[in-house]
Amino acid sequence: MIAGGDQQTLALLLFSAFVAATLAITTWVSRNRHGSAEEFYTGGRLFSPMENGFAIAGDYMSAASFLGISGLIALFGYDGMLYSVGFLVAWLVVLLLVAELVRNCGKFTLADVVAARMSERPVRIAAGTSSVTVSVLYLVAQMVGAGSLVALLLGGTSGAARNWTVIGVGALMVVYVSLGGMRATTWIQIVKAVLLMAGTITLTVLVLLRFHGDINLLLNTAAEHSGHGKEFLAPGLKYGGDWTARLDFISLGLALVLGTAGLPHILSRFYTVPTARAARRSVIWSIGLIGGFYLMTIVLGFGAAALVGTAEVKASNPAGNTAVALLAYHLGGGAGSTGGTVLFAVVAAVAFATILAVVAGITLASSASVAHDLYASLKRGHAKQRSEVAVARVAAVGIGAVAIALGLLARDLNVAFLVGLAFAVAASANLPVLLYSLFWRNFTTRGAVWSVYGGLIPALILVLVSPVVSGSPESLFPGVDFQFFPLQNPGLLSIPLGFLAGWLGTVTSHEVADELKHAEAEVRALTGAGAA
């Protein structure tokens, strides 16, 4: 199904309106900032729990969620639902283990939490490197989502248009971060979360009305139009072919559930509220929004299979990234209808808004890691706040350029799948060091550094030698084959390696853990006394 001129014009007008509004917010905020690091990184810690909850939800409900998950469900049925369930369950880990403690222990970044008890320089360099790597992987997924959407909007044949869209999204995110910092990014996230929830609710209601509220009829019709019959509604269509596929299923599940607690752009959101209690209430607000959203993505995925058909979804985009847009077009009345044109345009504009808002949040978190952790460490702690903020703005440009280049390379992969890789790296490199720092009294500097690199390096190597990069027709480089790790997601192996490396580094270290620093960090984590 190809978008006509009306859809293109209307979608581009709506998208332009969102860009204009967000640029206006950014410009207004840039005139009212005073240039401090706290203002740039945390927005002055002035946001209420509800505002921050909407912003967290806006950060988390990405193009991978809106486009990728629905597409995977439309293509693979039951197995595609793993992403919805995994992303949702992950928030329980965040709420129970890290939200309040991270807010109390840190200041701007993940490295602040770890460095409170350790030798700062090596820990900050390790954690900063890991945070930037995870952020770039996450950014690539958003870029791919932008390209897929524009390909559909412009007729599905314009490779040049896809490429220019990726470049344009990258340029906009640099503008948002460089000018507005956290305050502008947060308000963009809030606006985007409201738009995305409104769009998702509308589509979900229309799908359910089409089937008179009968979920059983929806599922049976989806199975009938999927080409797979009842297998579409049973486990195993994507992850049940052999033991390799089943292990990939377990690996992906681990990455999704554990990865959220290690995502830099999510952790940084806990610093934008004034107290730990406010951080905890923010997460409760976000759980309500995110929970409802992921339940609706299941309806949208099966709705796309039932109403559009799996074959048509795959023909439009082999990875399924355009399933929601096609569903909107169909629900509005199909080809040539005014309703189809309007609904398609609205969904395309909301998806664009989603991509822009998420890339702004990720770019801010990664540029903060470059400036606050890497740059400040290399300057041996003498970096002034204003020069640190200037470095963060320059870093945003560099990170944007890298993400654009990788986004152009990976444009044919499913966006939810790409995010699964980012989650695996986050769970392997960031989560072990974070949990050890918060809960292990004897944890040492060597343990922290080994934990980060012991998860990060294996995760990246395993991805490079997996079917994702070479050895299959769907690979990034289908013409070559240097694959020897059979799983597409490295989490099953790399996550335990991260924890093991942290333990080995600690038990083999001659450093004696500082009991006083641990006691101080424990009191701060549990009570908030002395927190920034």
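Keep in mind that what you see is a predicted model, and the values were worked out from it rather than measured.
Legend: residues meeting side chain to side chain contact (heavy atoms under 4.5 Å, CB included) with M81, ordered by chain and number and at least two apart, are I73, I298, F302. V394 is linked by a side chain to side chain contact (heavy atoms under 4.5 Å, CB included) to nothing, counting only residues two or more places apart in sequence or in another chain. Checked against side-chain hydrogen bond (donor to acceptor under 3.5 Å, both in side chains), S130 has the following partners two or more places apart in sequence or in another chain: N430. Judged as a side-chain hydrogen bond (donor to acceptor under 3.5 Å, both in side chains), and not counting sequence neighbours, the contacts of T297 are S84. Taking V85 as the reference, V89 meet the side chain to side chain contact (heavy atoms under 4.5 Å, CB included) condition, with sequence neighbours excluded. Remark: F249 engages Y239 in a ring pair (Phe, Tyr, Trp, His ring centres under 6.0 Å) (not counting sequence neighbours). Take A127 and apply the side chain to side chain contact (heavy atoms under 4.5 Å, CB included) test, not counting sequence neighbours, and it matches A111. Y294 is linked by a ring pair (Phe, Tyr, Trp, His ring centres under 6.0 Å) to F87, counting only residues two or more places apart in sequence or in another chain. Considering only residues two or more places apart in sequence or on other chains, T508 meets the side-chain hydrogen bond (donor to acceptor under 3.5 Å, both in side chains) condition with R446. For R281, there are no side-chain hydrogen bond (donor to acceptor under 3.5 Å, both in side chains) partners two or more places apart in sequence or in a different chain.
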| What do the steps show when you test L88 against F293 for side-chain contact (heavy atoms from CB on, under 4.5 Å), and what is the final call? | CA-CA 9 Å; L88 182 53; F293 173 77; over 6 Å; no
| said: For a side-chain contact (heavy atoms from CB on, under 4.5 Å) check, start with the C-alpha distance between W187 and I190, then their side-chain angles and the critical distance, and finish with the verdict. | reply: CA-CA 5 Å; W187 281 111; I190 292 169; 3.7 Å; yes
| query | Are M61 and I290 close enough, and set up right, to give a side-chain contact (heavy atoms from CB on, under 4.5 Å), and what steps lead you there? | reply | CA-CA 7 Å; M61 297 183 304; I290 291 166; 4.3 Å; yes
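T129 and I125 get closest at one heavy-atom pair: OG1-O, 2.7 Å. Heavy-atom minimum distance, S135 versus I362: O-CG2, 3.4 Å. A pairwise comparison of heavy atoms in F423 and L256 identifies CD2-O, 3.6 Å as the closest pair. In terms of heavy atoms, I56 sits closest to S282 at CD1-CB, 4.0 Å. Between L137 and L460 the shortest heavy-atom distance is CD1-CD2, 4.5 Å. Taking both residues in full, the closest heavy atoms of T186 and A55 are given as CG2-CB, 3.7 Å, listed atom of the first, atom of the second, then distance.
Sequence neighbours left out, not one pair with a member in residues 452-466 passes side chain to side chain donor-acceptor pair (under 3.5 Å).
Residue V425 is tested with L456, L263, L462 for a side-chain contact (heavy atoms from CB on, under 4.5 Å); the sole match is L456.
The CG atom of L252 sits 7.5 Å away from atom CG of D248, with the distance rounded to the nearest 0.5 Å. Note that CH2 of W450 and CG of L500 are 10.0 Å apart. Values are rounded to the nearest 0.5 Å. Put simply, CG on L258 and CZ on F499 are 7.0 Å apart, with the number rounded to the nearest 0.5 Å. Here CG of L196 is found 11.0 Å from CD of Q189. Values are rounded to the nearest 0.5 Å. Rounding to the nearest 0.5 Å gives a distance of 5.5 Å between CG of L72 and OH of Y83. For the atom pair M296 CE and F66 CZ, the distance stands at 9.5 Å (nearest 0.5 Å).
Considering only heavy atoms from C-beta on, Y60 stays 4.5 Å or farther from S286 through its side chain. At least one side-chain heavy atom of F443 sits less than 4.5 Å from a side-chain heavy atom of V433.
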Atom pairs and distances, donor-acceptor, side-chain atoms in residues 484-497, under 3.5 Å, two or more places apart:
| residue | atom | partner | partner atom | Å |
| --- | --- | --- | --- | --- |
| N489 | OD1 | S251 | OG | 3.4 |
| N489 | OD1 | G491 | N | 3.0 |
| N489 | ND2 | G420 | O | 3.2 |
| S494 | OG | S428 | OG | 2.7 |
| S494 | OG | P490 | O | 3.0 |

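No donor-acceptor pair under 3.5 Å is formed between the side chain of S70 and the backbone N or O of L67.
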